[in-house]
Amino acid sequence: MGMRRKLCFTLLLLSVLVLSASLTLANTPQLKSCRGQCKEEFKDRQKKQCLQKCEDDYRQNRRENSYMNEINEPGSDQGQEEDENPYVFESHHFLSKVKTDHGRILSIPKFDRRSKLLRGIRRYRVAILQLNPETVFTPTHFDASCILFVSSGQGTINEIHEDRRDSFKLEKGVLFRLRAGTTFSIVNHHQREKLNIIQLLRTVNNEGQFEPFFLAAGSNPESFFTTFSSEILEAALKTSKGELQRLFSRREQGQGVFVKASKEQIRALSDREESGGIWPFRSQSRGTFRLFKQHSTQSNNFGKLYEADHDDYPPLEEENLSVSYANISRNAMVSPYYNGEATKIAVVTDGDGYFEMACPHVSKSWDGEQQQQEGRSGVTYHKIRSAIKTGSVFIVPAGHPVVMVSSNRGNLEIVCFEVNAKHNVRYMLAGKKNLVKKMEGEEKELTFDAKREVVDQVFGNQDEEFFLQGPKWRQQPGRGRAYE
Ligand SMILES: *[C@@H]1O[C@H](CO)[C@@H](O)[C@H](O)[C@H]1NC(C)=O
Ligand SMILES: *[C@@H]1O[C@H](CO)[C@@H](O)[C@H](O)[C@H]1NC(C)=O
């Protein structure tokens with residue numbers, strides 16, 4: 001009797017534990033957002049798989065995150081709640097659109113689903129396309145226009161138009177614009193290296209909603225062809241059901257959209273001459289742009305910046321974008337600055353470090369009102385601070401002062417897509433050409449309630465521009481202190 005009671009109690013305890021565990025799981029915003037996305041983007045079996053993956057990823061990430069906190073830069077605001085910082089996306093936020101043994105397409109969720117603060121860029125999405133060595137991504141189109149940036153590897157991209165077919169070489173640092181709906185294929189002809197492509201998509205149908213349309217025969221994913229009734233296809237193609245089945249059921253168990261190719265096939269596909277040409281030698285709106293072949297626009301010991309705007313690569317004008325690549329040296333930083341009109345969507349391609357941003361929006365709803373009643377200003381700035389590493393995506397809205405710092409482990413490399421870039425101006429807050437230096441003497445005195453010489457001493461010290469020594473650099477013996 002006593003034994004049975006004990007057993008009952010244990011069972012009760014267990015079920016309470018399980019229940020509370022699943023409740024905490026259900027309540028995190030990150031998991032909610034992932035689930036919401038599954039419900040929106042998938043049906044039936046795929047939806048179930050997607051939901052399962054949300055939970056698996058979430059559990060996995062809780063484990064990884066506790067590790068990440070340990071390696072955070074010292075002095076960081078540890079334990080900053082995720083909902084307080086909607087500006088950073090880590091690997092666990094990525095949703096898998098397609099995943100096979102030979103490649104995958106991942107995307108981060110819709111921006112306005114993550115937070116209302118990201119409404120301004122809700123038409124855009126970030127996706128990653130990854131191809132394994134000697135693999136072909138078979139012809140596909142997206143219902144979104146898209147800027148591709150090759151972050152590593154090499155290959156060929158082919159555009160198939162009604163009247164012609166263009167091929168362009170891909171290598172690290174290449175930019176390429178794909179118009180919405182253009183059918184394209186990609187070949188990774190390297191024997192060992194993966195081809196990694198970062199995509200910024202501008203959606204054209206539903207804001208923020210984009211889908212790939214796969215032409216390839218296969219079951220993972222399906223070809224859009226096979227959704228038509230067979231009598232339609234038979235009539236449209238003037239063929240028989242048998243022929244259709246032979247063609248479209250070949251890869252029933254097979255590879256789908258990413259196909260491993262033989263060495264001969266790869267050679268045949270990559271030996272083709274580049275037909276569209278490299279801008280500016282051919283037609284203005286066709287072709288690729290090699291960002292790293294340009295002169296860097298900022299360069300010193302602490303980093304290098306490469307930039308492309310619509311004058312460099314005309315397709316960027318239509319997309320209202322500019323693209324830049326910051327290669328920040330070890331223990332260095334990008335000087336504090338803000339963008340006048342552009343919102344930055346940044347993807348870390350290599351290294352690690354952190355960024356800090358002044359944000360008036362998060363975490364003030366209650367405090368802000370409270371302070372206003374007491375007659376104080378309702379504006380308070382919250383410090384957004386977050387570790388970033390290869391694969392992190394972060395957003396810097398227009399007007400928000402920001403700084404990016406590399407770690408002591410090596411360079412921090414970041415590709416930045418600046419949305420609404422056309423008339424954007426970058427306002428530096430430190431460095432040789434900072435804003436304060438351009439103020440009138442009286443302005444300085446009134447602004448800082450200090451003598452202008454004192455202001456000049458603080459804001460006139462830094463001789464470098466854009467890339468500066470980071471906080472750690474200055475702490476190294478025999479290095480930074482010599483400047484003081
Ligand atoms: C960034 O700088 C490092 C060190 O100078 C260099 O090894 C690396 O190739 C650079 N990255 C790019 C993409 O140029
Ligand atoms: C591009 O930017 C300008 C302002 O710089 C803005 O007025 C316009 O609406 C933007 N166009 C698109 C397509 O986003």
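Index from 1, following the sequence. Whatever order the structure lists ligands and atoms in, that order sets their numbers, starting from 1. FYI, side chains are in, hydrogens and waters are out, and symmetry mates aren't considered; it's all heavy atoms of this structure.
Between Glu171 and Lys293, at least one side-chain nitrogen of the basic residue sits less than 4.0 Å from a carboxylate oxygen of the acidic one, meeting the salt-bridge criterion. Using a cut-off of 4.0 Å between Lys/Arg side-chain N and Asp/Glu carboxylate O, Glu418 and Arg426 are scored as not salt-bridged.
With a 4.0 Å heavy-atom cut-off, ligand 1 is reached by the side chain of Lys172 but not by its N, CA, C or O.
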For this session: Would you please test Leu178 and Glu159 for side chain to side chain contact (heavy atoms under 4.5 Å, CB included) and show each step?
Result: CA-CA 8 Å; Leu178 259 179; Glu159 280 188 319; 3.6 Å; yes
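Cation-pi geometry between Lys97 and Phe210 is satisfied (NZ or CZ under 6.0 Å from the ring centre, within 45° of the ring normal).
Protein heavy atom nearest atom 13 (C) of ligand 1, with residue, atom name and distance: Glu413 OE1, 3.3 Å.
If you check the side chains of Ser152 and Glu193, you find no donor sitting under 3.5 Å from an acceptor.
Backbone and side-chain nitrogen or oxygen atoms of Asn327 are examined, and one is located within less than 3.5 angstrom of a nitrogen or oxygen of ligand 1. The shortest N or O to N or O distance between Tyr306 and ligand 1 is not below 3.5 Å. Residue Asn411 has at least one N or O atom closer than 3.5 Å to an N or O atom of ligand 1.
Ring planes of Phe214 and Phe137: perpendicular class, angle over 60° (limits at 30 and 60°).
Which parts of ligand 1 touch Phe292 is read off a 4.0 Å heavy-atom cut-off, strictly below it: atoms 13 (C).
Shown here, atom 9 (O) of ligand 1 is out of close reach of the protein: none of its heavy atoms lies under 4.0 Å off.
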